[in-house]
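The shown structure was predicted, so the numbers you read here are calculated from the model rather than taken from an experiment. Here is how names work: the chains are called A, B, and so on, in the same order as the sequence lines, proteins then strands, and each is numbered from 1.
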Protein chains: 2
Amino acid sequence: MADPMKRLPILPAERALKIIAGRWKAIILYHLYDRPRRLSELRKLVPEISQKVLIQQLREMEEHQLVRREIFRQVPPRVDYSATTLGRSLEPVLLALCDWGRMHAAELDEVDRLVDCARLERTTSNPIAKAAEAILSPA
Amino acid sequence: MADPMKRLPILPAERALKIIAGRWKAIILYHLYDRPRRLSELRKLVPEISQKVLIQQLREMEEHQLVRREIFRQVPPRVDYSATTLGRSLEPVLLALCDWGRMHAAELDEVDRLVDCARLERTTSNPIAKAAEAILSPA
DNA sequence: TGTCATACAGACCAAAAGGTAACCATGGCC
DNA sequence: GGCCATGGTTACCTTTTGGTCTGTATGACA
């Protein structure tokens, strides 16, 4: 992603998708919402992802200002990654995606294959989920 | 995308992203929200996309049940693509993405590069946008 | 018979995204 | 000097995605 900012789509929805649709970005962000995390911590939290790709995704999110990187010059070195305000503003959107994904799985009888969005709020409290549900099953 | 259903991610948010993050899916869906469209119509509405890729995206959305394909055996043949209920339930989510994308551009002073989400509702009426805004600029 | 419009299909290619495995730099500590 | 941990980088490969260009089936109609 050379010159990433220059290449973001001009349609807002596509821009948003481009920014968050990376293979691991949602889960990483999700763990950063809890608290700042060190690289080694993130590796333990998401063991399926290789270190190179993890750093790659973090760098992209840093460029898009979803994530902040702080270096503490210690021995051994310490680097903290945390969610910026812009990154946090994505939480309701990710929640909407999560709820819609669950609804979609439900419609196709695949809920059993799903894993929970864990600490994210429940469906009923999310206005987007309500809107989507209203479309699926009108009163 | 062979066996597309078998391969959808097990995390709901990732599942949702996988389903809608295709290069042209948002715009296609957006045009289908208006009314059913014929292939030739869609080609005119989104001239940048090649026919093969257009069909590809439509087929994937059909498999994920966002889109319905109806064949009318006429001469010349006629095929209508339309948004299913499941496809329509995505509208609030796309709207949320659109609003967030605009906010993101605003934060980075790139709004001028953006194009409008046209007939989609305005920011102020969208609860997700409100939530995201509240995070960015707390009262 | 040839041409037309519509909707597709297939061969092939290019770029992007994701992934593996190996290596490097720092500085404390034994 | 050799080893440790942390947080990287680099070279290389595979898969996925998007794209071009060409071919095809149908049946009306001139």
*May I ask you to list the residues of residues 75-82 of chain B, by number, that have any heavy atom positioned under 4.0 Å from an atom of DNA chain D?*
B/V75

*Under a 4.5 Å cut-off applied to non-hydrogen side-chain atoms, are B/E14 and A/I27 in contact?*
yes

*Would a 4.5 Å heavy-atom cut-off, applied to side chains only, mark A/L97 and B/V93 as touching?*
yes

*Atom pair distance, as rounded to whole Å: CH2 in B/W24 and C1' in D/dG19*: 10 Å

*With distance as the sole test, does A/R15 use its side chain to make a donor-acceptor pair with the main-chain N or O of B/R102 at under 3.5 Å?*
no

*Could you check how far CG of B/L39 sits from P of D/dA25, rounded to whole Å?*
19 Å

_Nearest whole Å is fine: how far is C/dA7 P from B/R69 CZ?_
10 Å

*Is the backbone N or O of A/E91 less than 3.5 Å from a side-chain atom of A/Y33, with the two atoms forming a donor-acceptor pair by type?*
yes

*Just how far, in rounded Å, is P of D/dT26 from CD1 of B/I71?*
14 Å

*Is there a donor-acceptor contact under 3.5 Å from the side chain of A/E62 to the main chain of A/R59?*
no

_Nearest whole Å is fine: how far is C/dA7 C1' from B/E62 CD?_
13 Å

*asked:* Could you report the tightest heavy-atom contact between A/R23 and A/Q57, atom names first, then the distance?
replied: N-OE1, 3.7 Å

*Please report, rounded to the nearest Å, how far the P atom of D/dT17 is from the CZ atom of A/R23.*
11 Å

*Do B/L94 and B/Y30 have side chains that get closer than 4.5 Å, going by heavy atoms?*
no

*May I ask you to evaluate whether B/R59 reaches the phosphate of C/dC8, defined as a side-chain N or O under 4.0 Å from OP1 or OP2?*
yes

_Just the rounded figure in Å: distance from P of C/dG18 to CG of B/L17._
12 Å

*Check whether any side-chain heavy atom of A/S89 sits under 4.5 Å from a side-chain heavy atom of A/T84, and report yes or no.*
no

*Looking only at heavy atoms, what is the nearest atom pair of A/K25 and A/I19, with distance?*
CD-O, 3.4 Å

_Near-strand residues of residues 40-55 of chain B, defined as heavy-atom separation under 4.0 angstrom from DNA chain D_ = B/S50, B/K52, B/V53

*Take atom NZ of A/K18 and atom C1' of C/dA17, then tell me their distance rounded to the nearest Å.*
10 Å

_Does the Lys NZ or Arg CZ of B/R78 fall within the cation-pi geometry relative to B/F72 - under 6.0 Å from the ring centre and within 45° of the axis?_
yes

_5' priority, DNA chain C, between A/Q56 and A/Q74 [closest heavy atom]_ = A/Q56

*Which angle, to the nearest 10 degrees, lies between the helix axes at the two ends of the helix from C/dT1-D/dA30 to C/dC30-D/dG1, each defined by five pairs?*
40°

*Between A/R38 and D/dT6, does any side-chain N or O lie under 4.0 Å from OP1 or OP2?*
no

*Any side-chain heavy-atom pair of A/V67 and A/I28 under 4.5 Å*: no

